[in-house]
Structure formats: C-alpha cells, structure tokens
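All remarks here apply to the structure that follows.
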There are 2 protein chains.
Amino acid sequence: MSRVPTQSKPATSPESDETDRTVTDKRILRGEATRDRVLDAAERCFAADGFDAVSIRQIAAEAGVTLGVVGFHSKSKRELFRTVLARRVEPLNIARRERLAALQASGDGLTVHGLVDAYLTPYLEYASGGDPQWRAYAELIARIVSDDRYYREVRDLYDPVALEYMDAFETLYPNASKKDLATLLTLTVSSLLSIVASRERISGLSHEEIPATPLDYRAVLVDFCAGGIERSLAGG
Amino acid sequence: MSRVPTQSKPATSPESDETDRTVTDKRILRGEATRDRVLDAAERCFAADGFDAVSIRQIAAEAGVTLGVVGFHSKSKRELFRTVLARRVEPLNIARRERLAALQASGDGLTVHGLVDAYLTPYLEYASGGDPQWRAYAELIARIVSDDRYYREVRDLYDPVALEYMDAFETLYPNASKKDLATLLTLTVSSLLSIVASRERISGLSHEEIPATPLDYRAVLVDFCAGGIERSLAGG
DNA sequence: TGACATTTTATACGAACGTCCAAATAGTTT
DNA sequence: AAACTATTTGGACGTTCGTATAAAATGTCA
C-alpha cells in the first residue's frame, strides 16, 4: 500500500463470505493503534493551541512517535485536522437524533425547552465526561466555530441534524421564518460552545472558582436558550 | 530614538507651557501615518486569518511597506497584535457607558431588554458601519473570544464595563447569584459575537442570501438574550 | 527460508518564519 | 553647511515549518 492505510471498511468486500472477519495481522493492528495515538495527540494539540499554532513535530512528540509516522498515517496536516474533526461527529449526531425521536414519540414533551435540552445535553455530557479526548474535541469544536475557514470542515457533518431540529421547532412555531429559526438555532449552538470555551471568563467576572464541568451549566444554559427562542418567536 | 517611537502622549511634559502643542515634525507625522497603515493592515490580516496564520511579511505587503518598517513600529508580532486589539476598546466602552447612563437617568427604561440593547448595539453599529477597519476589528474580536490564549489580551480592557452592566442587572434581580449573572452576560456576549462570526452558517441553514449587516439581526438578537436572561433569572 | 507487505526510522529539502541591523534617506536644528 | 534625529531600505541571521523518501525493522505467507 502506498500511503494512508487502514481504511475503516471495504464497504462490501469482494468475497461476501468474510464480511465481518476481524483483522488479525499484527502489523495492521499496531498501525491502527499508532494511528489512534496520533489522532488523539493531534486532537489535544489542536484543541489547546489551534491549527496554525501546532506543528506536526509537536503532535508527533505528544503522540510519542517520530515525525515520519505522522506523515505516514495522514497525507497532510490539513487532512489530519479534517480526520480529527470528523471522527466524533457520528456519536454526537446519534445521541441527538435519539433524544429528538424520544421527544417526538412522547408527544407532550415536544416543547422548546425539551428540544433545546435534547440538542445541547449530548455535547455537554461528552464535554464533561471522563474521556479527556472527548473533552479535547469539545474544546476544539468550540474554538473553530468562530472561524469560517475551519468550521466549513464540520458544517456539512453537523447541519443535517440541525435541520431536523429546525423542522421540529417549526412544528411548534409554523409561522416563524426559516431565517429566524436558523438564527436562533445558531445562537443556541454558540451559547453552548461558549460555555465550554469561556468558563474562565465567567469565573473571572463572578470572582468565583472555576466550576467543575460544562454540565454544571446545563440548567441555566438551557433556560437561557429556550427562553430566548420563545421570546423571539413570540414576536417582540 | 532607539525603537518603537511616537508614544501617544508624554503624560505631563517637563515644560508645562506646551501642554497640547501639536506635533509639526514631518518625520514624526509621516511615521505616525505609516504606523496607522501598518496597524490597519494587521487588523485586516488578523481578522481574516488569525494570529498564527498571518506573517509579518503579509502584513507589510498589505500595508504597502517593507518588512523592516513593521519591526520598527512594533517591537514584536505579539505586541503588534496587542496594540491592534487595544486600539478600539475606548470608543466601545464609552458608547456602552453612555447608553447605560442614559438608561439609568430615565429610570423606567432600566429593563433587561434595555440593558441588553444598550450593551449590544454599539458593537453591532460599529460592525455594520461604513468603516471597514471597524468591521475587521469586530470580526477579530469575534474570532479570538473563543481562545483564552488571545482573549486574555482584551479581557482586562472590556471587563470593567461588563461589571458595571452586571451591577445594573443586579438592581433588577437582587437575589440572583454573581455566578448566574456572569454566566448570562457571557452568553449574551457570545451570542453577539456569533452574529458577526456565523452569518455564513445562518444563511446556510436557512438557505437564504447573506443579509446585509449584523445590525439587521439586532431585534432577534436582543430579544433572544433578554428573553433568555429573564427566563433564567425567573428561576426555571 | 525466501519473497513480500506494512510500519517505522532517520534524514534531507526548500520555503517561510520572526527578528535584527548597518546603511541610506528624509527632515530638523544649530 | 554641519551635526543630529527619525524613518525607511534591503538584506542577513538562525530556526522551524510541511513534506518527501531511502533504508531498516517488523510481521505474513508461500
């Protein structure tokens, strides 16, 4: 194989007989483990310092590998960045879809507050959970959202679910314009991400200690967004 | 003079006779003009690409000067960044203080909606006005707010006014905790900045054209933030 | 065991980076 | 005119950047 190995799946393998046979080649297994170490290191570095301020050499050092290994596992710095960003989209989208479906199944739970909570909570939980890589990813997303140049990399991955939530809001406010709904959902997302990105500022303004996790802000955040959406769509 | 010339004012000049005599030295006047061109160029470049992605050579080219000139007018890239950030704080603070004072003088105008509007509108107006440098500055602030490493440069400059607004909110909600007030004000600021930073995302979600200016979002933005604050502080 | 595939090492390349500075230029003061 | 100051020029400095690659190491399979 020339470069950039270990594709996730062969989609439909030529011999349909070994559809889900697990790989046992130790070289590939070791390669995948190395690749994951590199991606984890890149995730932490990009989250801490941003794309441009991080060098491939720093990532290699953080991952405990040599420079060439990073180049072997991703063909460019840009592609490495893209891979890091895309890696965790699926779990988030699934969690948000599940919560939306549960809300729609329960009928009476379909409120603005419920929708906002369903959209925000998975991210808050991942950002507050025990996995430091998820925390790094959450900070990375919060960092790049205000940069169109980078956010374009994830927009197409997150927008489908956002549109599903917009449709749900539309059932509650059939007269609301698409533009207002899009604006309010964007404000909601920005509020969510700012909780992750700006906890230091909050504690600075309130002269208090930094609270434990983003999840601690769940109540006030959801109230803020839900109250804001209802006020706006109520018209004035 | 060794380096970094043209300090704004000698504070109290040794000869108190020429306190506000205007400089007529053509060398210094030309130097100040050059310095402003460099700062303007840096402002545009930093706003467009971020601190780390911009080189001093790019800034020099954008300003139409040679590389050494940038070094002559600011002793390091970091200091240039700081100067660009600090340059426009005063007008914004003044506008916000004036609006706050007007609200407090009129008594009955002191509402959550009025306070939010007073805090947000100056920035929206500068970000939507005819001066492209102010627009660049607005985008720069929106970009760095999610990066503690850079936001520290402006936090101390903006926080005093933010605290005055927090006090005003406290007169409306004496029982609210400092932490909640700080959180809600931070969410308000983040919403404000995301309007500048995320207009492309909004138009993408709503499948509509990009609206003209951030000021066009004033109504929905202020309603969102004011409604969110009231809902949160009303308790649930 | 020998041929082969995959991963890792170690190094090299040219380009671009931030910073610095001696000399040249433009303007002021004596 | 001469001495002096402030600005600008043009280029140099050592460093680090992203990327590429030959050779070594490691594991598979005939």
Side-chain angles (χ1 to χ4, degrees), chain A residues 1-8 10 15 18 21-39 41-42 45-46 49-84, chain B residues 1-8 10 15 18 21-39 41-42 45-46 49-84:
Chain A
M1 180 175 286
S2 59
R3 297 183 68 86
V4 189
T6 64
Q7 300 303 335
S8 50
E15 322 89 307
E18 52 163 7
R21 174 103 62 232
T22 315
V23 180
T24 64
D25 190 326
K26 283 184 187 174
R27 294 171 301 180
I28 292 182
L29 290 176
R30 190 161 54 97
E32 286 175 350
T34 304
R35 182 186 141 99
D36 287 345
R37 297 228 318 283
V38 169
L39 290 176
C45 289
F46 286 144
D49 295 331
F51 178 80
D52 296 294
V54 169
S55 71
I56 298 183
R57 284 168 177 82
Q58 284 175 50
I59 294 170
E62 174 81 15
V65 301
T66 58
L67 176 61
V69 169
V70 180
F72 176 75
H73 284 288
S74 74
K75 75 174 196 227
S76 74
K77 186 184 178 185
R78 193 81 201 201
E79 198 217 51
L80 176 60
F81 188 60
R82 254 191 291 267
T83 304
V84 165
Chain B
M1 178 174 287
S2 58
R3 297 186 69 86
V4 190
T6 63
Q7 300 302 336
S8 50
E15 320 90 308
E18 52 162 8
R21 175 101 64 229
T22 315
V23 179
T24 62
D25 190 327
K26 284 184 187 173
R27 294 170 301 179
I28 292 181
L29 290 176
R30 190 159 54 97
E32 286 176 349
T34 304
R35 182 187 140 98
D36 287 345
R37 297 229 316 285
V38 169
L39 289 176
C45 290
F46 286 144
D49 294 330
F51 178 80
D52 295 294
V54 170
S55 72
I56 298 183
R57 284 169 177 82
Q58 285 175 48
I59 294 170
E62 174 79 15
V65 301
T66 57
L67 176 61
V69 169
V70 180
F72 176 76
H73 284 286
S74 74
K75 75 175 194 221
S76 73
K77 185 184 179 184
R78 192 80 201 201
E79 199 217 50
L80 176 59
F81 188 60
R82 254 191 291 267
T83 304
V84 165

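Quick note on labels: first sequence line is chain A, next is B, and so on, each numbered from 1.
Taken from OG in B:Ser76 to CD1 in B:Ile56, the straight-line distance is 7.5 Å, to the nearest 0.5 Å. Remark: A:Thr66 OG1 to A:Phe72 CZ distance equals 11.5 Å, nearest 0.5 Å. Between atom CD of residue B:Gln58 and atom SG of residue B:Cys45 there is a gap of 6.0 Å, rounded to the nearest 0.5 Å. In this structure, CG in B:Leu80 is found 9.0 Å from CZ in B:Arg35, a value given to the nearest 0.5 Å.
The side chain of A:Arg27 has C:dA5 as its nearest neighbour among C:dC17, D:dG18, C:dA5. Nearest to the side chain of A:Arg57, among C:dT19, D:dA6, D:dC17, sits D:dC17. Side-chain proximity of B:Ser76 to the nucleotides C:dT19, D:dG18, D:dG27 is greatest for C:dT19.
Phosphate proximity of C:dA10 to A:Thr66: absent, as no side-chain N or O sits under 4.0 Å from OP1 or OP2. At least one side-chain nitrogen or oxygen of A:Thr34 sits closer than 4.0 Å to the OP1 or OP2 atom of C:dT8.
What separates CD1 of B:Ile28 from P of C:dT28 is a distance of 10 Å, to the nearest Å. Atom C1' of nucleotide D:dT21 and atom CG of A:Leu67 are separated by 12 Å, given to the nearest angstrom. Rounded to whole Å, atom C1' of D:dT9 lies 12 Å from atom CZ of B:Phe72. Atom CZ of B:Arg37 and atom C1' of D:dT7 are 13 Å apart (whole Å). What separates NE2 of B:His73 from P of D:dT7 is a distance of 6 Å, to the nearest Å. Atom P of nucleotide C:dT11 and atom CD1 of A:Ile56 are separated by 19 Å, given to the nearest angstrom. Distance CG (B:Leu80) to P (C:dT19): 10 Å, rounded to an integer number of Å. With rounding to whole Å, A:Glu32 atom CD is found 13 Å from C:dT6 atom P.
For the pair A:Lys26 and A:Gln58, both in contact range of DNA chain D, the more 5′-proximal nearest nucleotide belongs to A:Gln58. Residue-to-nucleotide proximity on DNA chain C shows that, of B:Thr24 and B:Arg78, the 5′-proximal contact is made by B:Arg78. Between B:Ser55 and B:Arg30, the residue whose closest nucleotide on DNA chain C is further toward the 5' end is B:Ser55.
The shortest distance between side-chain heavy atoms of B:Ile59 and B:Phe46 falls below 4.5 Å.
No contact: A:Val70 has no heavy atom under 4.0 Å from any strand.
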